[in-house]
Amino acid sequence: MPLFACNHAERRYQRRVSIAMSSYVVLLVAEIKLFAHPGLTDPIRFALTLLPGLAVSMVFVALGRYLVEEEDEYLRVRMVRKIVWATGTALVACTLWGFPEDAGFLPHVPLYFAAIVWLAALGIVSCLFKVLGR
């Protein structure tokens with residue numbers, strides 16, 4: 001299997017994810033730089049804090065659109081399996097962190113890390129599926 005996308009749905013998915021992650025970087029830097037500006041009102045500062053999260057959310061939209069646009073049933077099912085494994089992995093990791101954190105044994109981790117854990121799990125699962133030939 002080639003390293004890069006070999007069909008139209010995969011290419012569109014990769015393009016959308018690239019745009020979303022590029023937007024995330026730009027919006028995060030802008031949010032950090034602008035947030036401390038003394039002339040901003042709280043509603044504007046609140047809106048600024050949402051922008052990087054909206055960019056990350058676009059990755060999930062891109063994934064959903066890929067599943068709709070993928071015409072090859074085998075590739076679609078394979079992606080669904082990866083999503084299920086990534087979701088289970090992220091839920092287990094967040095749960096196993098959350099209870100000791102709640103009891104004071106582990107430091108607090110911001111909630112947006114759930115998306116980071118999920119995306120990391122999807123990457124790891126994708127690599128494992130490629131190595132194991134699934």
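What you see below is based on every heavy atom in this structure, not just the backbone, and it leaves out hydrogens, waters and symmetry mates.
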Does [X] share a hydrophobic cluster with [Y], counting links as ILVMFWY side-chain heavy atoms below 4.5 Å and allowing steps through other members?
| X | Y | value |
| --- | --- | --- |
| Leu119 | Ile116 | no |
| Val125 | Met79 | no |
| Leu28 | Val117 | no |
| Tyr74 | Val68 | no |
| Leu106 | Val92 | no |

When clusters are formed from ILVMFWY side-chain contacts under 4.5 Å, directly or step by step, what else is grouped with [X]?
| X | value |
| --- | --- |
| Leu50 | Phe46 |
| Leu27 | Leu34, Leu40, Ile44, Leu48, Leu51, Leu54 |
| Val131 | none |
| Val29 | none |

Revision key, fill the gap. Here the side-chain hydrogen bond (donor to acceptor under 3.5 Å, both in side chains) pairs for residues 92-113, sequence neighbours left out, are Trp97-Glu101, Glu101-His108
Point to revise | Selection residues 27-50 - residue pairs positive for salt bridge (Lys or Arg N to Asp or Glu O under 4.0 Å), sequence neighbours left out | key: none
**Study point:** Any residue meeting side-chain hydrogen bond (donor to acceptor under 3.5 Å, both in side chains) with Glu70, in chain and number order, not counting sequence neighbours
**Key:** Asn7, Tyr66
Exercise for review: Please identify each residue that fulfils side-chain hydrogen bond (donor to acceptor under 3.5 Å, both in side chains) with His37, with sequence neighbours left out.
Suggested key: none
Practice item. Kindly compute the distance separating CG (Leu67) from CG (Leu75), expressed to the nearest 0.5 Å. Key: 11.0 Å
Revision key, fill the gap. Taken to the nearest 0.5 Å, the spacing of Tyr24 OH from Ser57 OG works out to 11.5 Å
**Study point:** Partners meeting salt bridge (Lys or Arg N to Asp or Glu O under 4.0 Å) with Arg65 (sequence neighbours left out)
**Key:** Glu69
Check residues 82-90 and write down every donor-acceptor pair under 3.5 Å in which the side-chain atom is one partner and the other belongs to a residue at least two apart or another chain.
residue, atom, partner, partner atom, Å
Thr87, OG1, Ile83, O, 2.7
Thr87, OG1, Trp118, NE1, 2.9
Thr89, OG1, Trp85, O, 2.8

Check your understanding: Which pair of heavy atoms, one from Arg78 and one from Phe129, lies closest together, and at what distance?
Key -> O-CE2, 4.3 Å
**Study point:** Taking every non-hydrogen atom, the tightest pair across Ser23 and Ala55
**Key:** C-CB, 4.1 Å
Practice item. Let me see the working for Arg16 and Leu63 under side-chain contact (heavy atoms from CB on, under 4.5 Å), right down to the final yes or no. Key: CA-CA 9 Å; Arg16 289 176 184 138; Leu63 192 53; over 6 Å; no
Practice item. May I ask you to check whether over 12 heavy atoms, not counting those of Leu111, lie within 6.0 Å of atom CG? Key: no
Check your understanding: By side chain to side chain contact (heavy atoms under 4.5 Å, CB included), which residues pair with Ala115, not counting sequence neighbours?
Key -> Val56, Phe60
